Undergrad: 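Once you've had a glance at the structure underneath, I'll fire off some questions.
Everything numeric in this text was worked out from a predicted model, so none of it was measured.
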Amino acid sequence: MFTICRIIRHRINTDGNGITTLVALPKCPLSCKYCLNAKALKEYETYQYSEQELIDNLLQDACYMIATDGGVCFGGG
């Protein structure tokens with residue numbers, strides 16, 4: 001099982017090329033000055049995903065990622 005804060009979809013040219021999906025992970029030990037997810041990572045509700053549930057969830061955006069050379073970014077944890 002994976003513990004995740006949230007999945008943020010359709011990020012355009014934020015985490016690389018094209019349209020990306022961010023999987024925000026809890027309990028980041030850093031306090032980066034310009035963290036985009038600072039509030040989300042301090043005050044979060046977590047969700048549990050099995051490996052297959054996470055894959056199925058992320059595959060919903062596969063056509064966007066393929067068409068724009070995007071992908072998935074895991075961050076925050």
Undergrad: Hey, does the side chain of N13 reach the backbone of G18 with a donor-acceptor pair shorter than 3.5 angstrom?
TA: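 At least one qualifying donor-acceptor pair exists.
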
Undergrad: Closest heavy-atom contact between I4 and P26?
TA: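 Looking at all heavy atoms of both residues, the shortest contact is CA-CD, 4.2 Å.
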
Undergrad: Mind checking side chain to side chain contact (heavy atoms under 4.5 Å, CB included) for N57 and listing every partner two or more places apart, or none if nothing turns up?
TA: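 Expected list: I7, R9, Y49, Q60.
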
Undergrad: Taking atom CD1 of I19 and atom OG1 of T68, what is their separation to the nearest 0.5 Å?
TA: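 Between atom CD1 of I19 and atom OG1 of T68 there are 4.5 Å.
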
Undergrad: Cluster question for you: counting only ILVMFWY and a side-chain heavy-atom cut-off of under 4.5 Å, with indirect links fine, are F2 and L25 together?
TA: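 Linked, F2 and L25 end up in one cluster.
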
Undergrad: Keeping the roles fixed (side chain from T20, backbone from G71), state whether a donor-acceptor pair exists under 3.5 Å.
TA: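 No, T20 side chain to G71 backbone: no donor-acceptor pair under 3.5 Å.
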
Undergrad: Establish whether L58 and Y64 are linked, either directly or via other cluster members, by ILVMFWY side-chain heavy-atom contacts under 4.5 Å.
TA: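 Not linked; separate clusters.
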
Undergrad: Apply side chain to side chain contact (heavy atoms under 4.5 Å, CB included) to residues H10 and D61 and explain how you reach the verdict.
TA: CA-CA 8 Å; H10 305 121; D61 298 325; 3.7 Å; yes

Undergrad: Going from CG on L54 to CZ on F74, what distance comes out if it is rounded to the nearest 0.5 angstrom?
TA: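 Between atom CG of L54 and atom CZ of F74 there are 5.5 Å.
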
Undergrad: Quick check on Q48: does its CD atom have over 12 non-hydrogen neighbours (other residues, nucleotides or ligands) under 6.0 Å away?
TA: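 Enclosed.
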
